[in-house]
*Asks:* 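My questions will all concern the structure given below.
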Amino acid sequence: MTYDRDRIEALLDEGVRDKVYPGAVWAVGDATGTLAHGTTGVLDPDEPDVPMHTDTVFDAASLTKILAVWSSIGALWEDGTLDLDQPLGSFWREVTGHPLGAVTARQLLTHTAGVPLRAQLKNLYGTDPHEIRRGVLQEQLHRTPGEAVEYTDRAALILGYLAEHLSGRPLDQLATARTWHPLGMTGTRFGPLPADLAARCAPTELDQDTDTHLKGVAHDFSARLLGGVCGIAGVFTVLDDLATFLQYTLAPAASQLRAGFGIEWINRSLAIETGQLQPARGLFWHQAPGTTTEEDVWVHYGFTGTGMWISPIKGRWAVLLTNKLYYTRDRAPLTDIRNSFRELAFK
């Protein structure tokens with residue numbers, strides 16, 4: 001299997017010219033490490049002399065769901081702390097007697113739990129983090145658990161709360177202790193970022209309150225409302241850390257490093273867990289658009305313009321980091337580039 005570096009670079013350069021994003025950082029690798037990587041464009045159009053670098057810090061957005069929540073839940077499952085099929089209400093007092101008590105962790109991981117489709121935290125529960133938590137955990141279900149696959153940010157928020165409950169640690173500390181520190185992911189952390197790291201951060205959307213682009217502060221409003229740390233979003237990361245994370249996920253047995261999750265969790269997660277329901281889902285991962293079970297390419301995206309892919313069968317992983325949100329919320333142009341990038345990376 002090969003990849004076409006020249007065509008990848010041409011594709012991503014075109015995205016800069018078409019103002020899909022100010023700049024991009026990318027890598028393709030396998031179980032041995034990074035095979036190729038590159039950058040294009042600038043960090044910030046307001047500073048056109050500052051190019052994108054491989055150590056640019058990105059607002060990972062929904063990649064938080066994999067880097068912090070999926071990995072932490074996997075660690076708790078592998079050490080026997082969590083049964084994926086045990087109703088939450090049977091061991092978690094906060095949800096006992098409420099609709100969420102009948103839901104399982106597996107249903108949350110496959111987006112089949114029937115919880116409401118949007119977070120809408122401020123509008124529903126106010127701005128106090130304790131009231132938000134209580135409201136989310138005691139909310140009525142949107143539909144019967146197991147009835148349909150419907151993506152919702154609430155699944156990650158609830159699983160983040162669950163991980164904190166089971167571990168007795170805040171999510172940022174848990175992810176650092178069980179995943180990021182063991183893997184040497186020193187450039188990965190929840191925001192807001194200190195000034196030195198924020199200076200290397202790719203800016204995202206224009207903040208109407210300050211008339212400046214967000215930089216070093218999570219774009220996701222729920223993450224900001226909850227102090228920067230939650231299961232939905234809030235993590236900032238760099239290319240090398242994602243390469244390390246995906247290399248380990250692809251072949252943990254071959255790695256000298258040991259995160260809290262291992263091959264059993266990975267194998268369960270990168271396989272269809274939703275039966276005949278569509279769209280097919282693994283555990284927080286889903287099949288890349290346009291691919292089949294036989295091709296075995298799994299993906300997770302972030303709203304700010306981030307994305308990562310992995311394929312155990314093909315023995316390859318790929319990362320594409322952009323700050324497309326600087327220009328627009330329109331997903332279509334970046335979707336086309338992502339699909340083309342994946343095709344070139346997994347030829």
*Asks:* Is it true that atom NE2 of His165 has more than 12 heavy atoms of other residues, nucleotides or ligands lying nearer than 6.0 Å?
*Replies:* yes

*Asks:* Is it true that a side-chain atom of Trp77 and a backbone atom of Phe261 form a donor plus acceptor pair closer than 3.5 Å?
*Replies:* no

*Asks:* Do you know the tightest heavy-atom contact between Gly262 and Pro252?
*Replies:* C-CG, 4.4 Å

*Asks:* Is it true that Arg178 and Glu78 have a side-chain N and a carboxylate O under 4.0 angstrom from each other?
*Replies:* no

*Asks:* Roughly how far apart are Ile232 CD1 and Thr152 OG1, rounded to 0.5 Å?
*Replies:* 8.0 Å

*Asks:* Going from CH2 on Trp92 to CG on Leu162, what distance comes out if it is rounded to the nearest 0.5 angstrom?
*Replies:* 5.0 Å

*Asks:* Look at atom CD of Gln173 and say whether more than 12 heavy atoms of other residues, nucleotides or ligands are closer to it than 6.0 Å.
*Replies:* yes

*Asks:* What do you reckon, is CZ of Arg331 surrounded by more than 12 foreign heavy atoms closer than 6.0 Å?
*Replies:* no

*Asks:* How about Pro99 and Glu139: do any of their side-chain heavy atoms sit closer than 4.5 Å?
*Replies:* no

*Asks:* Evaluate the side-chain contact (heavy atoms from CB on, under 4.5 Å) criterion for residues Asp172 and Arg189: first the C-alpha distance (whole Å), next the side-chain angles of each, then the deciding distance (0.1 Å), finally the verdict.
*Replies:* CA-CA 7 Å; Asp172 56 340; Arg189 57 175 292 169; over 6 Å; no

*Asks:* So, the side chain of Ser340 versus the backbone of Ile337: is there a donor-acceptor pair under 3.5 Å, distance only?
*Replies:* no

*Asks:* Among residues at least two apart in sequence or on other chains, which ones pass side-chain contact (heavy atoms from CB on, under 4.5 Å) with His181?
*Replies:* Thr176

*Asks:* Give me the one residue out of Arg268, Arg281, Arg106 that meets salt bridge (Lys or Arg N to Asp or Glu O under 4.0 Å) with Glu273.
*Replies:* Arg106

*Asks:* Using every non-hydrogen atom in the two residues, find where Phe190 and Ala233 come nearest and quote the distance to one decimal.
*Replies:* CE2-O, 3.8 Å

*Asks:* Return the minimal non-hydrogen interatomic distance between His213 and Pro203, and the atom names on each side.
*Replies:* CB-CB, 3.9 Å

*Asks:* If you compare all heavy atoms of Pro87 against all heavy atoms of Gly101, which two are closest, and at what distance to 0.1 Å?
*Replies:* CB-O, 3.4 Å

*Asks:* So Phe236 and Leu197, do their side chains get closer than 4.5 Å, heavy atoms only?
*Replies:* no

*Asks:* Salt bridge check: are Lys324 and Asp330 linked by an N-O gap of less than 4.0 Å?
*Replies:* no

*Asks:* About how many Å separate CD of Gln247 and OG1 of Thr32, when rounded to the nearest 0.5 Å?
*Replies:* 6.5 Å

*Asks:* Are Val149 and Val115 connected into the same hydrophobic cluster when the rule is that any two of I, L, V, M, F, W, Y join if their side-chain heavy atoms are below 4.5 Å apart?
*Replies:* no

*Asks:* What about Ile132 and Leu108, same hydrophobic cluster or not, with Ile/Leu/Val/Met/Phe/Trp/Tyr joined at side-chain heavy-atom distances under 4.5 Å?
*Replies:* yes

*Asks:* Taking His142 for its side chain and Gly114 for its backbone only, find out whether a donor-acceptor pair lies under 3.5 Å.
*Replies:* no

*Asks:* Is any side-chain heavy atom of Tyr327 closer than 4.5 Å to one of Val20?
*Replies:* no

*Asks:* Taking Arg338 for its side chain and Thr306 for its backbone only, find out whether a donor-acceptor pair lies under 3.5 Å.
*Replies:* yes

*Asks:* With distance as the sole test, does Thr322 use its side chain to make a donor-acceptor pair with the main-chain N or O of Tyr21 at under 3.5 Å?
*Replies:* no

*Asks:* Tell me, with the steps shown, if Leu157 and Leu226 meet side-chain contact (heavy atoms from CB on, under 4.5 Å).
*Replies:* CA-CA 11 Å; Leu157 183 60; Leu226 294 171; 3.9 Å; yes

*Asks:* Using only heavy-atom distances, determine whether the side chains of Trp70 and Ser269 contain a donor-acceptor pair under 3.5 Å.
*Replies:* yes

*Asks:* Count the heavy atoms belonging to other residues, nucleotides or ligands that lie under 6.0 Å from CZ of Arg258, then report whether that count exceeds 12.
*Replies:* yes

*Asks:* When Glu94 is tested against each of Arg134, Arg133, Gln138 for side-chain hydrogen bond (donor to acceptor under 3.5 Å, both in side chains), which residue passes?
*Replies:* Arg133

*Asks:* ring-ring contact (aromatic ring centres under 6.0 Å, His included), that's the test. Do Phe245 and Trp317 meet it? Break it down for me.
*Replies:* CA-CA 10 Å; Phe245 181 87; Trp317 55 262; over 10 Å; no

*Asks:* Establish, from distance only, whether the side-chain atoms of Thr104 and Asp85 form a donor-acceptor pair under 3.5 Å.
*Replies:* no

*Asks:* For Phe346 and Thr291, what are the C-alpha separation, side-chain angles and deciding distance, and is it a side-chain contact (heavy atoms from CB on, under 4.5 Å)?
*Replies:* CA-CA 11 Å; Phe346 291 91; Thr291 63; over 6 Å; no

*Asks:* Return yes if a side-chain donor-acceptor contact under 3.5 Å exists between Thr188 and Asp241, otherwise no.
*Replies:* yes

*Asks:* In the single-linkage hydrophobic clustering (I, L, V, M, F, W, Y; side-chain heavy atoms under 4.5 Å), do Val42 and Leu206 co-cluster?
*Replies:* no

*Asks:* State, with a plain yes or no, whether a side-chain heavy atom of Leu225 is found less than 4.5 Å away from one of Thr127.
*Replies:* yes

*Asks:* When you group the ILVMFWY residues by side-chain heavy-atom contacts below 4.5 Å and let the links chain together, are Leu109 and Trp285 in the same group?
*Replies:* yes

*Asks:* Report yes if some heavy atom in the side chain of Val95 is under 4.5 Å from a heavy atom in the side chain of Ile158; otherwise report no.
*Replies:* no

*Asks:* To the nearest 0.5 Å, what is the distance between CG on Leu321 and OG1 on Thr237?
*Replies:* 7.5 Å

*Asks:* If I compare all heavy atoms of Pro182 with all of Leu257, which pair ends up nearest, and what's the gap?
*Replies:* O-CD2, 3.7 Å

*Asks:* Tell me which pairs pass salt bridge (Lys or Arg N to Asp or Glu O under 4.0 Å) where either residue lies in residues 215-224, with sequence neighbours left out.
*Replies:* none

*Asks:* Taking C-beta and beyond as the side chain, do Asn323 and Thr56 meet within less than 4.5 Å on heavy atoms?
*Replies:* no

*Asks:* Could you state whether Leu250 and Met185 fall into the same hydrophobic cluster, counting links through intermediate Ile, Leu, Val, Met, Phe, Trp or Tyr residues with side-chain heavy atoms under 4.5 angstrom apart?
*Replies:* yes

*Asks:* For Gly302, does its backbone N or O pair with a side-chain atom of Ser62 as donor and acceptor, under 3.5 Å?
*Replies:* no

*Asks:* Hey, does the side chain of Asp79 reach the backbone of Thr81 with a donor-acceptor pair shorter than 3.5 angstrom?
*Replies:* yes

*Asks:* Supply the atom-to-atom distance Ser72 OG to Ile66 CD1, rounded to the nearest 0.5 angstrom.
*Replies:* 11.5 Å

*Asks:* Would you please test Asp44 and Val50 for side-chain contact (heavy atoms from CB on, under 4.5 Å) and show each step?
*Replies:* CA-CA 7 Å; Asp44 186 338; Val50 181; over 6 Å; no

*Asks:* Look only at the side chain of Asp207 and the backbone of Leu214, and say whether a donor-acceptor pair between them is shorter than 3.5 Å.
*Replies:* no

*Asks:* From Leu12 CG over to Arg17 CZ, what is the distance, rounded to the nearest 0.5 angstrom?
*Replies:* 10.5 Å

*Asks:* So which heavy atom on Ala202 is nearest to which on Met52, and how close?
*Replies:* CB-CE, 4.0 Å

*Asks:* Is the side chain of His300 donor-acceptor paired with the backbone N or O of Phe284 at a distance under 3.5 Å, no angle test?
*Replies:* yes

*Asks:* If we count only N and O atoms by modelled type, under 3.5 Å, do the side chains of Trp298 and Asp296 hold a donor and an acceptor together?
*Replies:* yes

